[in-house]
Engineer: 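I'd like to ask you about the structure that follows.
Convention: sequence-line order gives letters A, B, ...; per-chain numbering from 1.
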Amino acid sequence: MTRTRRHALLLGAAALSVALTATACSSSGTEDSGSAKPASNADIQAALNAGGEITVWAWDPTLKKVVSDFEAKYPKVKVNLVNAGTNNEQYTALQNAVKAGKGVPDVAMIEYYALSQFSLAKSVTDLSALGADKLKGTFTPGPWSAVHAGTEGIYALPMDSGPMALFYNKEVFDKHKIKVPATWEEYIAAAKKLHKADPKAYLTADTGDAGFTTSMIWQAGGKPYTVDGTQVGVNFDDAGTKKFTTAWQQLISDKLLAPVPAWSDAWYKGLGDGTIASLVTGAWMPAPLASGVKAGAGKWRVAPMPQWNSGEDVTAENGGSSLAVMEASTKKKLAYAFLKYATVDEGAQTRIDAGTFPSTTKQLNSVEFLNKKDPYFGGQRINEVLAKSADDVLVGWSYLPFQVYANSIFNDNVGKAYVSGTTLQEGLKSWQDASIKYGQEQGFTVK
Amino acid sequence: MATTTPRVGHKPRTARHASASSGPLVVRPARRASRRKRRSATLTALTVIMLVYTLLPLAWLAINATKTQKGLFDSFGLWLDGDFALFGNIADTFSYNDGIFTRWLLNTVLYVVVGAGGATFLATLAGYGLAKFDFPGKKAVFATVIGAVAVPGTALAVPTFLMFSEMGLTNTPWAIIIPSLVSPFGLYLMWTFATDAVPKEILESARVDGAGEFRTFFRISMPMLAPGIVTVLLFNVVATWNNYFLPLIMLKDPDWYPLTLGLNSWNAQASTVGGEAVFNLVITGSLLTIVPLIVAFLLLQRYWQSGLSAGSVKG
C-alpha cells in the first residue's frame with residue numbers, strides 16, 4: 001500500500017495524476033461508491049443488466065464488430081467506440097483529459113510498452129478487485145506479465161500479443177538461393193548475399209525504430225531497464241545489448257538496410273516488389289501484409305525468429321496492446337464487463353477472425369487455430385510457428401515507466417547511427433543519458 | 001542608340017495592345033520597358049526553380065490521385081499508371097467509412113465560414129475602431145495586439161484545452177470555432193489598412209451630413225476597406241482550413257474532425273494491425289481538400305492584389 005501511494009504522489013508531482021486519493025483497493029465513482037470489497041461475477045452481471053453508456057477510446061478496427069455484438073447481447077448497454085488517434089496521439093489526448101479531469105473515457109486501448117506510464121500515475125484502475133485476479137492462466141505469460149506493469153496489480157487485460165518471428169519473401173530467397181537464416185550470423189550473411197546479388201534489394205528495412213531495437217535487445221538477453229518502485233535503472237552497457245549492437249552495426253555500416261521508414265507507402269511498396277525481402281516482427285504482421293501488400297500474396301512465408309546461439313529457441317515480444325479501465329470512470333463494473341467480453345469471451349474470437357494475434361491460451365492452443373492454412377502465405381500453417389514463438393518469449397523484460405517519452409526521443413539519439421558516423425552503441429548511450437535526465441526531472445530515482 | 005531602341009520597339013507593341021484591349025495605352029509601354037530593364041537571368045532561373053519546387057508536390061498529388069493502391073506502388077511517381085482510377089478514387093473517398101469524408105468536408109466548411117468569417121468581421125470592426133477613434137488605453141491595446149501576434153497558436157493550444165475542458169466545450173465544434181475567431185494578425189492588418197484607406201475627411205463629412213457611426217461604417221467605410229477585408233479573409237480561411245494542431249487537441253470524436261485530422265486518421269490506419277492501408281484514398285482526399293482553397297484564391301485574387309498595393313500607393 002505504501003508503495004502504491006508513493007507512486008501516486010510521485011507522479012502527481014509530475015502532473016500526470018489526478019486520482020491521488022484513490023488507491024488500489026478503494027475505488028471512487030458513483031456506481032462503485034461504498035464498495036471497497038471485490039466485485040463478484042454477480043455484481044458485474046448486475047451492472048450489465050442495469051445497463052448504461054460507456055465510452056471506449058481505441059484505434060483497433062477489430063473492436064467495431066466486438067462492440068456491435070456486445071450491444072446486441074446486452075441491449076441496455078451502449079458503447080461509444082471512439083478512435084481518438086493512433087498510439088502517441090491517443091496517449092497525449094488521454095493524459096490531457098486526465099489532467100483536465102473531464103472527458104476521460106471509461107475504457108482506453110494502451111499498448112504494453114505504454115501501460116506502466118498510466119498505471120504508475122494511477123490513471124488506470126487496478127482490475128484485481130473487479131475479478132481480473134481470477135484470470136491467471138487465461139492469457140499467455142508474455143502479455144499477462146505485461147499487464148501487471150511490473151507490480152502486483154492488473155492494470156489492463158491483454159487484447160493481442162506480438163511474439164516475434166521472421167517473415168520473408170520466399171520468391172526472392174529462392175531466386176537468389178538464400179537459405180532461411182536460423183541464426184543472426186546467417187541473417188547477416190544473407191543480407192550481404194542478397195544485396196550483392198541485387199543492389200536494389202535489401203534483406204530488411206530499418207531506419208531506427210525504438211520498438212524494434214528494444215525487442216531485439218530483449219531477445220538477446222539484454223535488460224537495459226530495471227524498475228523497482230520509483231527506482232529506475234537505464235543501462236545499455238550490458239552484454240545482451242552489445243550482442244545486438246555488434247551484429248546490427250554490421251548491417252548499418254555496410255549499408256545493408258533499406259533506407260525506408262516502416263509503415264510508409266515506400267515500405268509497403270518494397271514489401272510488395274521484393275526490394276525488402278524480410279521482416280523480423282510481431283505475430284500480428286500477417287494482417288497488415290495481407291491488406292497492405294497485396295502484390296506479395298502467395299510469396300511470403302513465416303519462419304522462427306533467428307537465434308543468437310544455434311539450436312536455441314528464444315524469442316521476444318514486439319508490440320501488442322491492452323484495454324484498461326480508466327480510474328476516472330464512474331462505471332467501472334460495466335467497463336470491466338466490456339473488457340472481459342472483448343478480451344476473454346466471445347470478443348476474443350471475433351478479433352482473431354479479423355486478424356489479430358491471440359493472447360489467450362485457449363485460442364492459441366486450439367486445433368482450429370493452429371491448423372489454419374493461410375492462403376496469403378501459400379497455404380502455410382503460420383500459426384504453428386507464431387504460437388511456438390509465444391511459448392518461447394524470454395521472461396523478465398520490463399519497460400520504463402516513461403517509455404512513451406523515451407521512445408519519442410529515440411530517433412533524436414539512436415537515429416543518428418543510421419545517418420551519420422555515430423555507432424549504434426554510442427546512440428544508445430546518448431538515449432540512455434537523455435532517458436535518465438528525463439526520469440530524474442519526473443521525480444524518479446534513476447541510476 | 002540608347003534613346004532610339006526603345007522608341008523603335010514601342011510602336012508595334014502599342015499597336016498590338018490597342019487592338020487587344022482598350023486599356024490605358026500610355027502607361028503600358030512604359031511599364032513594359034521598365035520591367036524589361038530589370039530582367040535578370042539569375043532571378044529568372046531562381047523563380048523557375050521556385051516554381052518547380054512549389055508545383056512539383058502538387059503535380060505529384062494530381063498524378064497519383066489517378067492511381068489505384070496497387071498502381072501507386074508499381075508505377076513511377078511522376079507519371080501516369082496504366083489504368084486511370086481518378087473517378088473511382090473520388091467515389092471511394094466519398095463512400096469509404098460510410099461517407100465520413102463528406103462529414104469532414106462539411107465540418108471544415110463550418111469551421112471556415114463561422115470561424116474565419118467571424119474572425120474577419122471582428123478584425124475589421126476592431127481594426128477600424130482602433131484606426132479611426134481615439135480613446136484612453138489605445139496604446140495598451142496596441143501593445144496587446146502586437147504581443148498576441150508574437151505568440152504562436154501552438155503554444156496556446158494546451159492552456160486553451162484545459163480552459164475549454166473546464167467549460168465543457170472540448171469535443172464540440174465550439175472548441176474550434178471560438179479560438180478561430182481571434183485573429184490578432186488580421187486585426188493589426190485591418191488597423192493599418194483602415195488608417196490609410198479611409199480618409200478622415202470622408203468620415204467627417206459623413207458625420208456632418210448626420211450619419212451615425214454604424215451607418216458610416218457599413219455604408220461608407222466598408223466598401224473602401226473591401227480589399228483589406230478580402231486579404232484578411234483569405235489569411236483566415238487558409239489558416240482555419242489547414243488548422244491541424246488545435247482540432248487534434250480539442251476533438252476526440254471523429255464526427256467533428258476537420259479534413260486535416262480525418263485524412264491523418266486514414267493515413268494512420270496503415271500502421272495499425274487489422275487496419276487497412278488506404279494510401280490512394282488519402283492522396284485523393286488530399287487533392288480534394290486543396291481544391292476549395294485554390295478556388296478561393298482564384299476568385300479572391302484580384303481583390304487581394306489591389307489590397308496589397310493600396311497601402312503602398314497611399315503611403
Engineer: Measure Gln90(A) against the heavy atoms of chain B and call it side chain, backbone, both or neither at under 4.5 Å.
Structural biologist: neither
Engineer: Tell me every residue that passes salt bridge (Lys or Arg N to Asp or Glu O under 4.0 Å) with Asp255(B), counting only those two or more places apart in sequence or in another chain.
Structural biologist: none
Engineer: Ignoring hydrogens and geometry, is there a side-chain-to-backbone donor-acceptor pair from Glu317(A) to Gly162(A) under 3.5 Å?
Structural biologist: yes
Engineer: Does any heavy atom of chain B fall under 4.5 Å from the side chain of Ala295(A), the backbone, both, or neither of them?
Structural biologist: neither
Engineer: Check whether Trp57(A) gets within reach of chain B through its side chain, its backbone, both or neither, counting any heavy atom under 4.5 Å.
Structural biologist: side chain
Engineer: Within residues 157-170 of chain B, which residues come under 4.5 Å of chain A, heavy atom to heavy atom?
Structural biologist: Phe161(B), Leu162(B), Ser165(B), Glu166(B)
Engineer: Give a yes or no on whether the backbone of Gly85(A) and the side-chain of Asn83(A) come within a donor-acceptor separation of less than 3.5 Å.
Structural biologist: yes
Engineer: A side-chain contact here means heavy atoms from C-beta on lying under 4.5 Å apart; do Asp265(A) and Leu72(B) qualify?
Structural biologist: no
Engineer: Determine whether more than 12 heavy atoms belonging to other residues, nucleotides or ligands lie under 6.0 Å from atom CG of Asp353(A).
Structural biologist: yes
Engineer: Heavy-atom distance under 4.5 Å to chain A: side chain of Asn264(B), backbone, both or neither?
Structural biologist: side chain
Engineer: Heavy atoms, side chains only, cut-off 4.5 Å: are Trp256(B) and Tyr111(B) in contact?
Structural biologist: yes
Engineer: Can you check whether Val82(A) reaches Pro254(B) side chain to side chain, under 4.5 Å on heavy atoms?
Structural biologist: yes
Engineer: Name the option with the most non-hydrogen atom pairs under 4.5 Å to chain A; the candidates are Ala270(B), Ser265(B), Ala268(B).
Structural biologist: Ala270(B)
Engineer: Does atom CH2 (Trp174(B)) have a neighbourhood of more than 12 heavy atoms from anything else shown, all under 6.0 Å?
Structural biologist: no
Engineer: Is it true that, when you exclude Gln349(A) itself, more than 12 heavy atoms of the residues, nucleotides or ligands shown sit nearer than 6.0 Å to its CD?
Structural biologist: yes
Engineer: Given that the side chain runs from C-beta out, which part of Leu248(B) has a heavy atom under 4.5 Å from chain A: side chain, backbone, both or neither?
Structural biologist: side chain
Engineer: Determine whether a donor-acceptor pair (N or O, by modelled atom type, separation under 3.5 Å) exists between the side chain of Ser359(A) and the backbone of Phe139(A).
Structural biologist: no
Engineer: Are Leu259(B) and Trp241(B) packed together at the side-chain level, in the sense that at least one heavy-atom pair is separated by less than 4.5 angstrom?
Structural biologist: yes
Engineer: With side chains defined as the heavy atoms from C-beta onward, is the minimum distance between Leu110(B) and Pro173(B) less than 4.5 Å?
Structural biologist: yes
Engineer: With a 4.5 angstrom heavy-atom cut-off, could you sort out which part of Lys102(A) is near chain B: side chain, backbone, both or neither?
Structural biologist: both
Engineer: Just to be sure I understand the criterion: a residue of residues 50-68 of chain B counts if one of its heavy atoms is under 4.5 Å from a heavy atom of chain A. Which ones qualify?
Structural biologist: none
Engineer: Please list all pairs meeting side chain to side chain donor-acceptor pair (under 3.5 Å) that have one or both residues in residues 178-188 of chain B, counting only residues at least two apart or in different chains.
Structural biologist: Ser183(B)-Asn236(B)
Engineer: Just give me the residue among Asp273(A), Asp160(A), Asn96(A) that pairs up with chain B most often, heavy atom to heavy atom, under 4.5 Å.
Structural biologist: Asn96(A)
Engineer: At a 4.5 Å cut-off on heavy atoms, which part of Ser264(A) comes close to chain B: side chain, backbone, both, or neither?
Structural biologist: backbone
Engineer: If you look at every heavy atom in Met326(A) and Ala108(A), which pair is closest and at what distance?
Structural biologist: SD-CB, 3.9 Å
Engineer: Is it the backbone or the side chain of Asn171(B) that comes under 4.5 Å from a heavy atom of chain A, or both, or neither?
Structural biologist: neither
